[in-house]
Amino acid sequence: SSYLTLKRSGDNRLGLGPSHGEKTPSLNVNSRRQICHCVGCGVGGNVFSFLMRMEGLSFPEAVRRLAERVGVEIEETALSPAEMRRREEAERMLRVSEVASLFYHQVLMEAPEGEPGRRYLKERGYGRTTSEQFRLGFAPRRGEALVEHLAAKGFDPQWAQRLGLVRQRDEGKSYDLFRQRLIFPIFDARGGVVAFGARVLDASLPKYLNSPESPVYHKGRILYGLHQGRDAMRQRGEAVVVEGYFDLLALHRAGFTNAAASCGTALTVEHARLLKRYADRVLLLVDQDSAGRKATFRAVDVLLAEGIPAAVVELEAGEDPDSFLRRRGEGPMRERFAAARPVLDVFIEATLAGGGEGIAERARAVETVLAKLQLLPSDIERSLYLKRLAERTGLGESLLQQKLTAQGATPPPAVRRPEPARPSSRSGSPRQELGEKSQDWLLALLLADAGVRRRVAEEGAANLFSDEERRGLAERLL
């Protein structure tokens with residue numbers, strides 16, 4: 001009920017499915033059995049899987065979140081002094097980031113010093129709604145504004161220095177890194193501010209300054225706007241990946257809220273896994289220049305290896321999402337999304353076209369394509385692309401298959417036969433192991449019902465939980 005409005009219907013409760021837009025309730029929640037099922041999309045599960053899907057959490061994170069809510073303490077593995085110190089330092093830095101973001105935001109929204117930022121955003125078509133949604137800010141021109149604010153709040157300057165917000169002159173005096181710039185706070189998936197991007201308001205260079213990496217910020221693991229866009233990604237089943245802050249803001253303004261932006265780095269494996277939590281497909285919307293194409297094709301390796309279907313949204317040369325939307329509008333952009341082509345199709349076309357006319361050059365181009373086909377998780381999809389490659393190059397399909405196998409294409413995995421039941425360590429009856437879903441349901445009951453905890457303690461968690469991680473959580477709950 002924290003996420004959805006549920007209405008009683010007999011023994012059950014009904015609500016709108018959270019993963020897709022609908023007007024007629026199709027989500028059925030059975031309180032007695034502690035499960036839910038959405039007739040509209042077929043997704044179901046228990047309280048753990050629901051929270052994992054809604055918040056993009058891992059299973060242990062979902063257990064901890066629920067335990068906090070119902071007042072059940074889960075004992076954690078004892079931390080070493082060094083680990084405890086790192087955790088405390090990270091918490092201090094997160095507090096400093098939060099205070100800094102609120103300071104910059106207050107300057108933009110209310111202070112006379114923020115007028116240049118307000119005027120700049122207005123000229124680009126952005127008002128209070130966008131500024132509040134993304135907590136945009138403005139860094140005053142004077143060089144010690146943030147330093148003085150943090151000192152007044154009682155923070156040691158070292159934490160702001162480690163975050164890259166403050167630097168120190170030779171004589172030991174601190175000064176702000178960001179001055180006379182529009183500020184973009186970068187949130188992690190949980191909504192904590194971990195870093196900042198800052199843009200000048202004129203043509204001076206550098207146009208952007210970004211926070212350096214720190215103990216709480218690794219740009220290869222964070223996507224700008226993911227925190228604001230994850231619900232829309234979940235509902236639409238797609239995530240749009242762009243390159244810049246204003247590209248993302250422009251998409252949100254036009255209603256395409258299922259977007260995220262990389263923070264000045266190529267798409268990484270960690271980025272792909274983040275996106276996979278919320279979306280079934282990724283649309284790459286980047287500049288169509290040489291650098292943009294290279295970034296797109298680097299993303300092929302990451303996305304295909306993680307089993308995420310990806311497509312390329314193509315704009316005219318010289319256009320980016322922000323300029324395209326200002327010039328053409330929402331309708332044409334929606335048409336471009338609908339016409340997005342699979343990224344591997346675009347890669348094959350570009351590689352073969354740029355390979356040259358010589359025999360050696362064409363052969364290298366084909367081998368480059370074959371190397372990418374190895375990343376496809378589906379044998380059927382790989383076979384279809386081989387057929388298309390044979391048609392385009394005039395080479396025999398059997399020859400291409402031989403070359404692909406020689407490069408190390410993995411054969412389909414053998415079907416694993418179920419192992420015979422092992423005897424129980426307890427005398428009497430065979431071990432009663434449960435499937436993963438059943439184990440999750442039982443964990444939910446352990447959190448909610450003291451009687452269930454007594455029963456499981458009598459039976460023994462080792463006899464009911466085959467998964468080591470879930471068994472450890474159950475033992476802590478007991």
Side-chain angles (χ1 to χ4, degrees), residues 85-124 126-128 130-188 191-219 222 224 227 244-246 249 263-264:
R85 184 176 64 255
R86 283 194 294 270
R87 175 180 287 188
E88 291 173 352
E89 290 177 352
E91 290 173 353
R92 287 195 188 100
M93 283 185 272
L94 287 172
R95 287 200 295 273
V96 170
S97 287
E98 179 73 10
V99 170
S101 73
L102 293 173
F103 167 71
Y104 288 135
H105 184 61
Q106 186 273 332
V107 171
L108 175 67
M109 303 300 286
E110 301 174 7
E113 291 176 299
E115 175 58 29
R118 294 192 291 271
R119 184 169 59 250
Y120 179 81
L121 286 170
K122 184 177 180 180
E123 289 171 357
R124 297 195 64 155
Y126 298 98
R128 293 188 68 90
T130 299
S131 297
E132 289 172 352
Q133 182 182 6
F134 291 90
R135 203 189 289 178
L136 301 182
F138 187 74
R141 183 185 296 277
R142 55 192 173 93
E144 294 84 26
L146 180 63
V147 170
E148 294 170 359
H149 181 76
L150 292 176
K153 294 288 185 180
F155 289 105
D156 189 316
Q158 68 159 314
W159 304 114
Q161 289 172 13
R162 292 184 65 178
L163 287 164
L165 291 169
V166 167
R167 292 183 177 177
Q168 200 171 47
R169 294 188 174 92
D170 292 338
E171 63 271 22
K173 190 175 181 181
S174 297
Y175 67 96
D176 298 350
L177 173 65
F178 304 134
R179 299 183 296 278
Q180 195 70 3
R181 287 176 178 266
L182 192 67
I183 301 296
F184 301 86
I186 299 170
F187 295 83
D188 63 15
V193 179
V194 294
F196 299 85
R199 190 196 193 286
V200 295
L201 306 184
D202 53 25
S204 59
L205 296 174
K207 180 188 289 188
Y208 284 96
L209 284 176
N210 295 303
S211 295
E213 294 205 338
S214 72
V216 297
Y217 173 59
H218 303 279
K219 61 184 179 181
I222 298 289
Y224 178 71
H227 175 63
Y245 302 116
F246 272 109
L249 297 185
C263 298

Kindly indicate, with the supporting measurements, whether the criterion side-chain contact (heavy atoms from CB on, under 4.5 Å) is fulfilled by Y120 and V200. CA-CA 10 Å; Y120 179 81; V200 295; over 6 Å; no

Taking the side chain as everything from C-beta on, heavy atoms only, tell me whether [X] gets closer than 4.5 Å to [Y].
X	Y	value
M93	P215	yes
K153	F103	no
V96	L163	yes
P116	Q180	yes

Cation-aromatic face contact R199/Y245, 6.0 Å, 45 degrees: no

Mind listing the closest non-hydrogen atom pair of [X] and [Y] along with its distance?
X	Y	value
L201	F138	CD1-CE1, 3.5 Å
S101	E98	OG-O, 2.8 Å
A145	D176	N-OD2, 3.0 Å
R135	P185	O-CG, 3.0 Å
C263	Y217	CB-OH, 3.4 Å
S214	R162	CB-O, 3.8 Å

Rounded distance (nearest 0.5 Å) linking atom [atom1] of [X] with atom [atom2] of [Y]:
X	Y	atom1	atom2	answer
L182	R124	CG	CZ	9.0 Å
R86	E88	CZ	CD	11.5 Å
L249	S131	CG	OG	9.0 Å
L108	E132	CG	CD	10.0 Å
L136	L121	CG	CG	6.0 Å
K173	Q168	NZ	CD	12.0 Å

Steps toward side-chain contact (heavy atoms from CB on, under 4.5 Å) verdict (V107, I183): CA-CA 10 Å; V107 171; I183 301 296; over 6 Å; no

Under 3.5 Å donor-acceptor, S211 side chain and F196 backbone: yes

Given 3.5 Å as the limit, does a donor-acceptor pair link the side chain of E213 with the main chain of K219, or not? yes

Show, in sequence, the C-alpha distance, side-chain angles and deciding distance for W159 and L165, and conclude whether the side-chain contact (heavy atoms from CB on, under 4.5 Å) test is met. CA-CA 9 Å; W159 304 114; L165 291 169; over 6 Å; no

Do other residues, nucleotides or ligands put more than 12 heavy atoms under 6.0 Å from the CZ atom of R142? yes

Using a cut-off of 6.0 Å, state whether more than 12 heavy atoms not belonging to R141 lie near its atom CZ.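 No, not enclosed.
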
When you check the gap from the basic side-chain N to the acidic O, do R118 and E115 get nearer than 4.0 Å?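 Looking at R118 and E115, the cut-off is met.
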
Please determine whether a side-chain nitrogen of the Lys or Arg among R169 and E144 lies less than 4.0 Å from a carboxylate oxygen of the Asp or Glu. yes

Worked check of side-chain contact (heavy atoms from CB on, under 4.5 Å) between I186 and I222: CA-CA 8 Å; I186 299 170; I222 298 289; 3.4 Å; yes

Is the ring centre of F184 less than 6.0 Å from the ring centre of F246? yes

